[in-house]
Each structure stands twice: as C-alpha cells, then as structure tokens.
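Here it is, the structure in full.
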Amino acid sequence: MHLVLGGALLTPFFLLAALVVPLAFDDVNPFSDFPWQFATFAVALPLAALGALLFPLLRTLEATAARSLCGLPADVTAELTEEPADSWAARRRTALWFVAHLTAGGIVSGMTLAAPPAAVMLILLPVTDPLRHAELGWPNLAGGLLGPLTGLGLLALVAGTTWAGGRLLARAAPTLLGRTPADRLAAAERRAADLASRNRLARELHDSVGHALSAVTLQAGAARRVLDADPEFARQALLAIEETTRGAVAELDTVLGLLRADGDDPAGTPAPVPLPALDVLDTLLDRTRAAGLRIDADVDDGCGRLPPLVSREAYRIVQEGLSNALRHAGAVPVRLRIALDADELRITVENPVQRDPIQRDTAVTVTPSGTAAGTPRPGGGRGLPGIAERARLLGGEARAAGQDGVWRLTVRLPLGASR
C-alpha cells in the first residue's frame, strides 16, 4: 500500500513531465512510445524533488504514511518526526525521501499493472491454444511448456521488487524522515531551557509562598492562644498575617507572570511587581519577627550596591533560611550575618535546634560544579536543594549542617559571575 501510494503521488508529476517532454522533442508521444515513457518518468522525479523542497508539509504527509504503512518497528517509528521541514537541511532530506518513495512506487505500480495479466496468460499457454500464436505477441515457447514457468517467474519478480523497495524505504526512513543532528540539538536545548525555567519558577514559588505560609501558620497559632488574654497582641498578629499574605500574593503574581512566554500582559491586568532583593530585607525581617523569630541581623552597608541578580538570589536564600528556622525550630533566636568582601558575598544563618531532628541530622554541601555531598534530608523537601541550586547557578556554594545544638546555613556567592 505504501508503494502504491508512491505511484499515485507520482501521477501528477508524470503528467506534468508529459507536457514538458514534447516541448523539447518534436513528434514524441510519452503515452504511446515505450522508451519515452521511461524518459518522462526520469523527468518527473526532479519535479517531485522540487515540490518537496518548496512545500515543507510534504514531510508531514510522508512521515504519517511511513508510520502507518511501512510496517516499521516501534523504535524506528519513534525516530520519525511529523513536523514540517523548516530548515533547508530537512527539506533536502525530505526531497531525497520523496524521490525514493516515488521511484519505488512508480516501478512497483507499473509492474503491478502489467505483470499479473501477462503472468496469467503465460501460465495458461499450455491449455489455451488461441494464445499460442506469434501474431498475438505470444510465441509457442517450446510448445507452451515454458509459459507457466515464465509466468511464475514474472510474479516472483513483482513480489521481489516490492519487497526490496519496501525494505530500502524502511531502512532509509529514520535517516531521511527523522530529526537532523541540528534538530536534535535544538530540541535538547529547548528541553534544557524549559527545565531550567521550571526549576526557577519552582524555587521562586517555594521560597516566597512557603515562607509566607510558615510565618502565617505561626502567627495564626499565636493569635489563637492569646485571643482572650491579650486581644492587642492578637490584633497585631492578624495585621501581620494580612501584610504577609498581601506580599505573598504580589510575589505569586510576579512569578506567575514569568510563565508568559511573550512577556505581554492582557489589557487591564496590572504589571507584576519586581522580584524582591536585599533592599527590602528589613520588611522581610519585620514580617519574620512578627511570626515569633528573634532575629539578630548584621548586614553589611554595601549590600545595597550589589548586582541585581546577586541581590535577588541573596534575598531568596535569606528568606528560605529564616523559613527553615521557623518550620523546624519554631520561635527561636536567629543570628543573621551578611558580609560583603571584595569579590564575594557571605550569608550565615544560625539558630539553636530545639525540637526537630531534621536540622540536627542533616548536612548538605554543593560545590560550583554541582557536586552534592552529605546526608540527605529525611522526608524530602525543596528548601535546602533550592538554596544549593541558587548558589551553584552563581558559581558559589552552600552548606547546611547541625553541630553542637546549632543549625548553621552558610552560603558563598561570588560577585564576578553576575557581572
């Protein structure tokens, strides 16, 4: 069926060639002169190649037909692509396949139309006297005895040609209809970029929304416990919850806005707020203190002049460090140090371990090459891996470990990588 389809696709190009050949040669009839039929067939093939070059959707048609009719193995079928041939390399490969398909299809279709009737007549020669006449074009063939053998050989020739043409096309399909090396590289780069974008969004959502939920949970619990005894404290806790959730919603809108591939917002939609950086660190510290943490912050004055990328990533690292203390240690004193050297930024977050064995038993180190070492955190979690990824993307390193009752997160961010 696939080869017969090739013969059918050859027909319009053969008819076009049948109009071109008489223009170049006088007194030529491609439909009645047997040698000129082959010449017309040869002229039709370049026309078919030109059509494949000019119409990229032919690749989709041919790939679909090969998937359905070629009887290809599953692993070979998976290599075929039904995308239009956008690049010229893909178009040339499609043209080569199209010519091969039409050539095999034309030969098999022509043999299928002519050979079976001739084979039947040759097989019937011994028993059908009127056929054994030279004037009818059928010689006696040794009294008709060779006729059946010749007819069977003719049928075998048709079957063998069909099998050979199908096998050759099946072997050529993944090479000519599959992705080119450049296409595979481009697809791999798109997948890598997509994964990197998803990881970035996951980190942003985890750090912003996770921190807000941790703070709100502690604030709501504290307000519930003192609602009757200290209404003013409960009112302040509710106000802190309102401010925390409002900031989290604003950051959520910003992160979701990153999902827009074109970067355009619908009409009437407010533009997302910029991602927070160290210049709003005081707001983060105030919100976290309202959740119960007692923070001793020592921040270098030069942090306001950091490159924007380092400043944003440092803010998220501090945010996740404080969230980690909230989730696993509760309302404990936290010591935050942000020191700026000549070529790097150092962040240290320390808190005592009171009730959660996860902090006490966990150690994670990530080097600039991406190598992780240490004891994996039981039960999963994306906070520490997110910090490690942020540090690694800037060429730095992060280490988190519990020792002597103190949980310490240390991050080093080189400044040169972001310039």
Legend entry - Non-hydrogen side-chain atoms of L3 and L69 separated by less than 4.5 Å: no
Legend entry - Test log, rule side chain to side chain contact (heavy atoms under 4.5 Å, CB included), inputs L285 and L336: CA-CA 10 Å; L285 297 180; L336 171 65; 3.9 Å; yes
Legend entry - L15 side, atom CG; L10 side, atom CG - distance, nearest 0.5 Å: 9.0 Å
Inset, instruction - Quick one: pull up CG in L281 and CD in Q319 and give me the separation to the nearest 0.5 Å. - result: 10.0 Å
Legend entry - Mutual orientation of the aromatic rings belonging to H2 and W97 [parallel < 30°, tilted 30-60°, perpendicular > 60°]: tilted
Legend entry - R337 side chain to D296 backbone, donor-acceptor under 3.5 Å: yes
Legend entry - Rounded distance (nearest 0.5 Å) linking atom CG of L149 with atom CD1 of I123: 9.5 Å
Inset, instruction - Specify the closest pair of heavy atoms between T40 and A18, including all atoms of both residues, with the distance to one decimal. - result: CG2-N, 3.5 Å
Inset, instruction - Taking the side chain as every heavy atom from C-beta outward, state whether V318 and L284 have any pair of such atoms under 4.5 Å apart. - result: yes
Inset, instruction - Please answer whether the main-chain N or O of I295 pairs with a side-chain N or O of R289 as donor and acceptor at a distance below 3.5 Å. - result: yes
Inset, instruction - Would you confirm whether S311, through its side chain, and L278, through its main-chain N or O, come within 3.5 Å as a donor-acceptor pair? - result: yes
Legend entry - Any D343 side-chain heavy atom under 4.5 Å of L415 side chain: no
Legend entry - Taking every non-hydrogen atom, the tightest pair across L45 and V99: O-CG2, 3.8 Å
Inset, instruction - Give the minimum heavy-atom separation between A49 and A95, together with the two atoms involved. - result: O-CB, 3.7 Å
Inset, instruction - Check step by step if side chain to side chain contact (heavy atoms under 4.5 Å, CB included) holds for V43 and V21. - result: CA-CA 8 Å; V43 174; V21 170; 4.1 Å; yes
Legend entry - Cationic N near anionic O, under 4.0 Å, E389 to R392: no
Legend entry - Distance-minimising heavy-atom pair for G151 and A119: O-CB, 3.4 Å
Inset, instruction - Would you check if the side chain of R59 reaches a backbone N or O of R91 as a donor-acceptor pair within less than 3.5 Å? - result: no
Legend entry - Test item: R390 side-chain N/O and I317 main-chain N/O as donor-acceptor pair under 3.5 Å: no
Legend entry - Atom pair CZ/CG of R408 and N351 - distance to nearest 0.5 Å: 10.0 Å
Inset, instruction - Taking all non-hydrogen atoms of both residues into account, name the closest pair between D300 and A339 and its distance. - result: CB-CA, 4.3 Å
Legend entry - Separation of T348 OG1 from L409 CG (nearest 0.5 Å): 8.0 Å
Inset, instruction - Determine, for R399 against E397, whether the closest basic-nitrogen to carboxylate-oxygen distance falls under 4.0 angstrom. - result: no
Legend entry - Heavy atoms of other groups near D298 CG, more than 12 under 6.0 Å: yes
Inset, instruction - Can you spot which of L9, L5, L176 makes a side chain to side chain contact (heavy atoms under 4.5 Å, CB included) with E62? - result: L9
Inset, instruction - State, to 0.1 Å, how close A325 and V334 come at their nearest heavy-atom pair, and which atoms those are. - result: CB-CG2, 4.1 Å
Inset, instruction - Drop me the distance from F98's CZ to L53's CG, to the nearest 0.5 angstrom. - result: 11.0 Å
